[in-house]
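In what follows, a single structure is set out as structure tokens and then discussed.
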Amino acid sequence: MHTFELITPASVTEAVKAQAGSPTAQQGAPVRFIAGGTNLVDFMKLNVETPRQLVDINRLGLDRVEALPGGGVKIGALARNTDVAQHELIKARYPVLSEAILSGATVQLRNLATTGGNLLQKTRCVYYRDTAFACNKRNPGSGCPAIEGHNRMLAVLGTSEHCIATNPSDQNVALTALEATVHVTGAKGERAIPIAEFYVLPGATPERETVLAPGDLITHVTIPALPDGAKSVYLKLRDRASYEFALASAAIVTQVSGGRISFARVAMGGVGTVPWRSHEAEKALLGKAATRENFRAAAEAALHGAKPQTQNGFKVELAKRCVTHALTLATKQA
Amino acid sequence: MQDQAQKAVTESRIIGVSTPRIDGPLKTTGTAMYTSDHNFPGLVYAWPVIATIASGTITSMDTARAAAMPGVLAVYTHENIGPLYRTPPTQGFSMIIDERRPPLEDNVVSYYGQYVGVAVASSVEQARAAAEAVKVTYDKRSHNVEEKLIGTPIAEPGIKKGTARGDVTSAFKNAAVKHDAVYSTPNETHNPIELHASVAVFKDGRYTLYETSQAVVNHRDVMAAMLGVPPENVQVITRFLGSGFGGKLWPWPHAMLAAATARNINRPVKLVVSRSMMFQSVGHRPAIDQQIQLGAEPSGKLVALGHHYVNHTAMEAEYDEGCGEATGFLYSCPNLAVTSGLVRRNVGVPTAMRGPGAVPGLYALESAMDELAVKLKMDPVQLRLLNEPDKDESNGLPFSSRHLKECLTVGAEKFGWAKRTPAVGSMKNEDGATLGWGVASCAWGAMRIDTEMSVELLQDGTARVTCATQDIGGGTYTAIAQMVAHETGLPVAKVNVILGDSALPPGPISGGSWTTASVTPAALDAAHHAVQTLLVSAATFPNSPFKGKKPAELEMVDGTVRAKGSATPQLTMAEVLKGANVKGITGTGKSQGTFGAKEEYSFHSYGAQFVEVTWQPEIARLRVSRVVTVIDGGRMLNPRAARNQIEGAVVMGVGMGMLEGVEYDRASGAPINASLADYIVAVNADCPHIDVTFLDYPDYKLNALGARGVGEIGLAGVAPAITNAVYHATGIRVRRLPVRIEDLMGAPMHLA
């Protein structure tokens, strides 16, 4: 770990100002916001991130979970994962989010990790984490050893010839299915970014993971109200029973009216380079009867175009079973 | 010296009684001093520079930038580390080391992660930054980390013959029912939570080395040889170990780096290896391919057993896993042969890992037995019962104490095996998930190692026990205290046990599950001698109420001295010592090792593992839900600690069966999943319900206590019982561990 300067701004404005001069807010940023630190500090120890200045945002408040008029919820960027997952509003309105958060990491990590930090969680790709290796995400243009190497955990959707790293978050899969909005205060004022537009595919620039610009501070996330009677569920499949990243996961929001699916949101984790929303699956479900055959057809649609790597071909079928079963669970009592 | 130890100890208020660990409170309160907890004035930190190629030579090392970094005191390479010698050949339990090449011996690199330099600095962060700033230029050669072993070139001297009898080739050829398959296990790492560490203090030509060691005496001998100093100039201390699983039995190169840098800069040096280095340069269980050939009569009687294994080893090491450990005696079979071979790979040096040889060997043999049972249409428990031998057929010796059949029948009863329906996928739980039930036998060798022990009875009413063995977490401190408490009548709380220091009376390695069988007779013997001397003192000191009595007419009961057959007068141990104005009375004890001696019996522990897996094909989820383990491990001196050992071993078996395996990156040769997030082990949520039963038959032929010791036996047999259960649930026979989701995706969905 390299030495760094720690500053503690008293306001969002000061925090924004502290990072605004940084040449990038993405990989390798010399100035970084730090909240829970459960991800960033690991990477600093590994010299994967070497910021010279850390901007400690833990004193800015931004940690409330509040009901919004109209049935939505606002979650502060500094609300800890545990507090969000256990919050009555979240448990009552968005079980998918509570379940997703509780399926990740450990109690100790969730007690520290924040909503905003989790939005920016980095991949578990082993090559990204080890500076002895080439990695286009960490060191643009150096190459991707994962494509021919250890890629069992990596992505089958949204990959490019430059990067196949998986987005590892559980929370963000649920937020994607919930069509959350990420609220940012930046050098030019406040912005509201739909989560579908927040992440960018790796393409030729895998070092760039989000649309965040220097100075952009995530202040909160809002989630709209779900349709009446909608059910939501998160299902995570992995090698061991706990404390393990997803091989495939599914976040589902559905509403069934008169035996037919009247509302469907399908997002997947563990298989995409970004939290993966499947409009194809949703389209396949809409208006159809809630049967296992129709769920399987939606799952097939969700994985259409998946590109298996040398070790992770099984993820395609696993993700299909995951989506199918999650839809079964979500529609069980609907 | 073994007068006491030769009489069977049958009655005791403390031996055989569940006793909480005497070191428990120190550990749970954080006051136990582990190796890396030791600090000294002027202490500095070392961090190794590691090779980032797997084969080649170093052409240059640029240390200038690193040496100029803040806090850096020195940077060493093969050009300036100073003298480090190779150890002389191993003799008995001395001079054992698996990586015989001293670190930085020359410019040759033969595995990824090999130490090629070391930086020393005032803080650990500075040392690490400097080590990472050293620029190494290599002349790279092609490396080989190929996973496939059988069918690739065997290292000199070629295939080695192990135990053999009869004519296995023709017996197999002519057998009515045959099974022939290859079973593969990956490189597994020990990775205890406590990282390997060395704190080296060099003063006036003497080294005091705080090490993470399962064998302080051997560690001292090896370090003295490698540093080129007399053994009396080296003291090795390991008070507590955050577990080792065999990975800390023999010294590894970081220990020499710590000692050499302490010598070179004349300051105490601390070197704690990183978690990724734990996958590179501190040993591992090697990858192994094993071919098993079983031939049987239609009745199930075995007629042929061929066991041919090949394990990987490093470029400069001859590590043989010994997979045939249990093959020669587990079942009755007239025609049997074990052969072995090594293949060289550019990997770190392998070493013994919990249950070396037998654990992977039994995975292959017990998987094959299950496959044979399927071919015979016979219950797998019955097949094993049918092939019970009446003596050790590998050497003709009688068994000292063997109850494998009872392990199987008691286990079957506890597990509910009679309700098993053999058809694949035919059993369900109340939630509709498919159940698979599997069984495997297990065995592990028993022996004693030479031990000396000293017991001092003190005026303050306590006893002080010393021995240069160590407690690696299994309960050795407590077992020794129990012996002294038994012999003196003192409460366990009044017995202070000092271990883990090579300056103490020489004790055994903590390995092979042999420690308990070795140290407890010596502790009894030492305590007995101390008590005898105390009785002499009691009979002779001025104003003794026993004046005129012969020492032989006195006895020590519940910590007090009295005349035999008379309750009064009595004196406490402290009163005797105060009366005699003696600070303390010492007794020494010994127990003889069986290692290398001609045996009259075949000494082994036995067990049976019954496993239930739960399979949900709709989400490809497999979990181990229930394990029944029955162990025939001699007498359990401390059932509580023994149960803890077996439960932990079963959990480790779940890891072996379902999760663990190092993968090598083809392009670089690096162990690529070198972290505990990427090399996954079982967590609490993976722990099945575990039901442990000890048959508790004392093995008085091994020692007066009838104790054999447990630990490794609990891991043996778990993995094959899992894969056998997986077959029963899914119809898929996984012959390459660990069983992974992708192995099972092809299982039929209709079994749901």
Side-chain angles (χ1 to χ4, degrees), chain A residues 1-3 42 44-47 50 103 105-106 124-127 129-134 143 145-153 168 235-245 247-250 292 295-296 310-326 328-329, chain B residues 50-53 69-70 112-113 123-126 128-129 132-133 274-276 616-625 654-655 658-660 663-668 670-688 738-746 749 752:
Chain A
M1 190 189 293
H2 291 239
T3 50
D42 277 359
M44 289 169 64
K45 288 181 185 169
L46 295 167
N47 291 329
T50 54
S103 75
T106 62
R124 272 302 309 190
C125 177
V126 292
Y127 301 98
R129 295 172 64 85
D130 191 336
T131 57
F133 288 90
I147 289 171
E148 294 292 320
H150 185 65
N151 56 38
R152 180 175 180 270
M153 296 292 289
L235 177 65
K236 181 174 181 177
L237 305 182
R238 47 184 161 182
D239 287 309
R240 67 179 170 195
S242 176
Y243 196 22
E244 170 73 347
F245 295 95
L247 288 166
S249 71
R292 202 173 168 83
F295 298 156
R296 177 72 194 191
T310 54
Q311 297 178 333
N312 68 0
F314 73 100
K315 277 190 168 191
V316 177
E317 171 62 20
L318 188 69
K320 288 176 187 173
R321 291 193 200 176
C322 187
V323 169
T324 306
H325 195 68
T328 310
L329 295 175
Chain B
I50 66 158
T52 53
I53 63 167
M69 288 170 74
Y112 191 102
S123 76
V124 67
E125 290 82 6
Q126 290 167 329
R128 181 175 186 171
E132 285 164 356
S274 70
R275 186 58 70 181
S276 63
Q616 297 167 270
E618 67 280 11
I619 50 171
R621 180 177 284 167
L622 180 80
R623 298 283 185 249
V624 178
S625 40
V654 173
M658 309 271 295
L659 305 169
E660 296 181 45
E663 290 175 47
Y664 290 94
D665 181 55
R666 248 162 221 264
S668 63
I672 198 65
N673 52 338
S675 80
L676 289 183
D678 300 301
Y679 176 98
I680 56 172
V681 299
V683 294
N684 281 335
D686 295 296
C687 293
V739 180
R740 292 187 134 171
I741 288 174
E742 51 266 50
D743 298 324
L744 306 178
M745 296 297 287
M749 293 287 277

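Naming: A, B, ... by sequence-line order, numbering from 1 per chain.
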Original post:
For A667(B), is it the side chain, the backbone, both, or neither that has a heavy atom closer than 4.5 Å to a heavy atom of chain A?
Top reply: neither
**OP:** Using only heavy-atom distances, determine whether the side chains of H325(A) and E618(B) contain a donor-acceptor pair under 3.5 Å.
**Re:** no
**OP:** Kindly compute the distance separating CD1 (I680(B)) from OH (Y243(A)), expressed to the nearest 0.5 Å.
**Re:** 12.0 Å
Original post:
So, R321(A) side chain and M745(B) main chain: donor-acceptor pair closer than 3.5 Å or not?
Top reply: yes
Original post:
Which bit of R292(A) comes within less than 4.5 Å of chain B, counting heavy atoms only: side chain, backbone, both or neither?
Top reply: side chain
Original post:
Is a side-chain donor or acceptor of D686(B) paired with a backbone partner of R240(A) at a separation under 3.5 angstrom?
Top reply: no
Original post:
Does D678(B) come within less than 4.0 Å of R124(A), counting only side-chain N to carboxylate O?
Top reply: yes
Original post:
Could you give the distance from CZ (R152(A)) to CD1 (I672(B)), rounded to the nearest 0.5 Å?
Top reply: 15.0 Å
Original post:
Between K315(A), H2(A), E244(A), which residue shows the highest count of heavy-atom pairs closer than 4.5 Å to chain B?
Top reply: E244(A)
Subject >> Inter-residue atom distance L318(A).CG - R621(B).CZ, 0.5 Å rounding >> reply: 10.0 Å
Original post:
For R666(B), is it the side chain, the backbone, both, or neither that has a heavy atom closer than 4.5 Å to a heavy atom of chain A?
Top reply: neither
Original post:
Which bit of A670(B) comes within less than 4.5 Å of chain A, counting heavy atoms only: side chain, backbone, both or neither?
Top reply: side chain
**OP:** Please flag which part of N312(A) lies under 4.5 Å from any non-hydrogen atom of chain B: side chain, backbone, both or neither.
**Re:** neither
Original post:
Can you name the ring-ring contact (aromatic ring centres under 6.0 Å, His included) partners of Y664(B), sequence neighbours left out?
Top reply: none
**OP:** Heavy-atom distances under 4.5 Å only: say whether I53(B) touches chain A with side chain, backbone, both or neither.
**Re:** neither
Subject >> Polar side chain donor-acceptor pair, Y127(A) to D665(B), under 3.5 angstrom >> reply: yes
Subject >> Part of Q126(B) lying under 4.5 Å from any heavy atom of chain A >> reply: neither
Subject >> Residue E742(B) versus chain A: region with a heavy atom under 4.5 Å >> reply: both
**OP:** Nearest 0.5 Å please: distance from the CD atom of E125(B) over to the CE atom of M1(A).
**Re:** 7.0 Å
Original post:
So what's closer than 4.5 Å to chain A heavy atoms on L659(B): side chain, backbone, both or neither?
Top reply: side chain
**OP:** Could you have a look at G313(A), C322(A), A241(A), S242(A) and say which one has the most heavy-atom pairs with chain B under 4.5 angstrom?
**Re:** A241(A)
Original post:
Quick one: what part of V681(B) sits under 4.5 Å from any heavy atom of chain A, side chain, backbone, both or neither?
Top reply: both
**OP:** State the CG-CE distance between D239(A) and M658(B), to the nearest 0.5 angstrom.
**Re:** 9.0 Å
**OP:** Please state whether the side chain, the backbone, both or neither of S675(B) comes within less than 4.5 Å of a heavy atom of chain A.
**Re:** side chain
**OP:** Please name the pair of heavy atoms, one in A132(A) and one in T52(B), separated by the smallest distance, quoted to 0.1 Å.
**Re:** CB-CG2, 3.9 Å
Subject >> Reported CG-to-CD1 distance for the pair L235(A) and I619(B), which is rounded to 0.5 angstrom >> reply: 5.5 Å
